[in-house]
Engineer: 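For reference, the structure I am asking about is given below.
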Amino acid sequence: MLEALPQSFYLQDTVTVARQLLGCMLVYESERGRASGRIVETEAYLAADEASHSFRGPTARNGVMFGPTGYAYVYFIYGAHFCINAVTQPEGVAEAVLIRALEPVDGLALMMERRRTTVARNLCSGPGKLCQALGITGAQNGAALFDGRLRIRAGETPAAAEVVATTRVGITKAADLPLRFYLRDNPHISKR
DNA sequence: CTCTGGATTGAC
DNA sequence: TCAATCCAGAGG
């Protein structure tokens, strides 16, 4: 897609990508229609990072992380939810940015139906929630983010002072690293 | 093959 | 605060 961020965007340092994805738009054109939102929360997962799925080497689940840059790594967790990551770095270097929350923009009615709620701030305020709201499942694992029905567009760049860096959510290893980024005071972030 | 626990969510 | 729910990953 002309308007999507180019594949080369994802070759930047993974922390830089995690920061720069804030404000960008995640769009998915599903069979049932388009749904999209502005990215307001991300987390970086690095190669030398015990909390990353890629830390112990390639497996059937995490294989996309070891592949070329700019593709979606979608996995199933807790027997119930999907989470979507943007794979960064060249082939062989397994790093990614977990997209944790969106501010809903397009397809509100479809999101409300999928999420079974009409409360806007409950539609995309968590990694599992936003996948459900957009209709993203394991079928999108390995999909390009720079071309096709699942893509990330540039958005309004937030002011540097608006970006907060803190520790990641829900992990037990490397839990002290400041690799979570979100937009200050945004009502759609995943916690509180 | 069995066992453990998780990049979560929503109900209590 | 805690159970649901299932599969990936580790170990035998």
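Reminder, nothing fancy here: chain letters follow the sequence lines and each chain counts from 1. None of the values given here were measured: they were computed from a predicted structure.
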Engineer: With sequence neighbours left out, what residues match A:Glu162 under salt bridge (charged side-chain N to carboxylate O under 4.0 Å, His left out)?
Structural biologist: none

Engineer: Test your reading of the model: is there a side-chain donor-acceptor pair from A:Arg19 to the backbone of A:Phe181, 3.5 Å cut-off?
Structural biologist: no

Engineer: For A:Leu110, what are the other residues in its hydrophobic cluster, where any two members join if their side-chain heavy atoms are less than 4.5 angstrom apart?
Structural biologist: none

Engineer: CG of A:Leu123 to NZ of A:Lys129: how many Å apart, nearest 0.5 Å?
Structural biologist: 9.0 Å

Engineer: Measure from NZ on A:Lys191 to C1' on B:dT9 and round the result to the nearest Å.
Structural biologist: 10 Å

Engineer: Considering only nitrogen or oxygen atoms on both sides, find all protein atoms under 3.5 Å from nucleotides 10-12 of chain B and state each distance.
Structural biologist:
unit_1 : atom_1 : unit_2   : atom_2 : d
B:dG10 : OP1    : A:Arg115 : NH1    : 2.8
B:dG10 : OP1    : A:Arg115 : NH2    : 3.1
B:dG10 : OP2    : A:Arg115 : NH2    : 3.4

Engineer: Can I get a per-line list of side-chain donor-acceptor pairs under 3.5 Å for residues 95-104 of chain A, giving both atom names and the distance, sequence neighbours left out?
Structural biologist:
unit_1   : atom_1 : unit_2   : atom_2 : d
A:Glu95  : OE1    : A:Thr14  : OG1    : 2.6
A:Glu95  : OE2    : A:Ala47  : N      : 2.9
A:Arg100 : NE     : A:Glu41  : OE2    : 2.8
A:Arg100 : NH2    : A:Ser190 : OG     : 3.2
A:Glu103 : OE1    : A:Asn186 : ND2    : 3.0

Engineer: Using whole Å, what does the distance between atom C1' of nucleotide B:dA7 and atom CD1 of A:Ile136 come to?
Structural biologist: 16 Å

Engineer: DNA chain B in dot-bracket, Watson-Crick or G-U pairs under 3.5 Å, [ ] crossing, | other strand?
Structural biologist: ||||||.||||.

Engineer: It should be established whether A:Ser190 places a side-chain nitrogen or oxygen under 4.0 Å from OP1 or OP2 of nucleotide B:dT8.
Structural biologist: no

Engineer: B:dG6 C1' sits how many Å from A:Glu50 CD, rounded?
Structural biologist: 15 Å

Engineer: Supply the members, apart from A:Val169, of the Ile/Leu/Val/Met/Phe/Trp/Tyr cluster built from side-chain contacts under 4.5 Å; use none for a lone residue.
Structural biologist: none

Engineer: Tell me every residue that passes salt bridge (charged side-chain N to carboxylate O under 4.0 Å, His left out) with A:Arg184, counting only those two or more places apart in sequence or in another chain.
Structural biologist: none

Engineer: So what does A:Leu98 touch, heavy atoms closer than 4.0 Å: a base, only the sugar-phosphate, or nothing?
Structural biologist: base

Engineer: Would you mind listing every ring-ring contact (aromatic ring centres under 6.0 Å, His included) that reaches into residues 80-100 of chain A, with sequence neighbours excluded?
Structural biologist: A:Phe76-A:Phe82

Engineer: Quick check on the hydrophobic clustering: are A:Val163 and A:Leu179 connected, directly or via other members, by side-chain heavy-atom contacts under 4.5 Å?
Structural biologist: yes

Engineer: Whether the side chain of A:Asn62 engages the backbone of A:Thr59 through a donor-acceptor N/O pair (distance < 3.5 Å, no angle test) should be reported.
Structural biologist: yes

Engineer: What's the CZ-C1' distance between A:Arg116 and B:dT9, to the nearest Å?
Structural biologist: 15 Å

Engineer: Could you give the distance separating C:dT5 and B:dT2 at their P atoms, to the nearest angstrom?
Structural biologist: 22 Å

Engineer: Quick one, which residues of residues 51-64 of chain A touch DNA chain C with a heavy atom under 4.0 Å?
Structural biologist: A:Arg56, A:Thr59, A:Arg61

Engineer: What pairs of donor and acceptor atoms, side-chain ones from residues 24-35 of chain A against any protein atom, are under 3.5 angstrom apart with sequence neighbours left out?
Structural biologist:
unit_1  : atom_1 : unit_2   : atom_2 : d
A:Tyr28 : OH     : A:Gln140 : NE2    : 2.8
A:Glu29 : OE2    : A:Arg34  : NE     : 3.2
A:Glu29 : OE2    : A:Arg34  : NH2    : 2.9
A:Glu29 : OE2    : A:Arg151 : NH2    : 3.1
A:Ser30 : OG     : A:Arg32  : N      : 3.1
A:Ser30 : OG     : A:Gly33  : N      : 3.3
A:Ser30 : OG     : A:Gly33  : O      : 2.9
A:Ser30 : OG     : A:Arg114 : NH2    : 2.8
A:Glu31 : OE2    : A:Arg149 : NH2    : 3.2
A:Arg32 : NH2    : A:Glu113 : OE1    : 3.2
A:Arg32 : NH2    : A:Glu113 : OE2    : 2.6

Engineer: According to salt bridge (charged side-chain N to carboxylate O under 4.0 Å, His left out), who are the partners of A:Arg168, at least two apart in sequence or on a separate chain?
Structural biologist: A:Asp49

Engineer: B:dT8 C1' sits how many Å from A:Arg100 CZ, rounded?
Structural biologist: 8 Å

Engineer: If only atom types and distance count, is the side chain of A:Thr69 paired as donor or acceptor with the main-chain N or O of A:Gln89 below 3.5 Å?
Structural biologist: yes

Engineer: Which comes earlier along DNA chain B counting from the 5' end, the contact point of A:Leu130 or that of A:Lys173, where each point is its nearest nucleotide?
Structural biologist: A:Lys173

Engineer: Determine if A:Tyr45 stacks with B:dA7; use a centre-to-centre distance below 5.5 Å and an interplanar angle below 30° as the criteria.
Structural biologist: yes

Engineer: Send over the distance from A:Tyr75 OH to C:dG9 P, rounded to a whole Å.
Structural biologist: 12 Å

Engineer: If Ile, Leu, Val, Met, Phe, Trp and Tyr residues are connected whenever their side-chain heavy atoms lie under 4.5 Å apart, and connections chain through other members, are A:Phe55 and A:Phe66 in the same group?
Structural biologist: no

Engineer: Report, one pair per line, the protein and nucleotides 5-7 of chain C atoms (nitrogen or oxygen only) whose separation is under 3.5 Å.
Structural biologist:
unit_1 : atom_1 : unit_2  : atom_2 : d
C:dT5  : O2     : A:Tyr78 : O      : 2.6

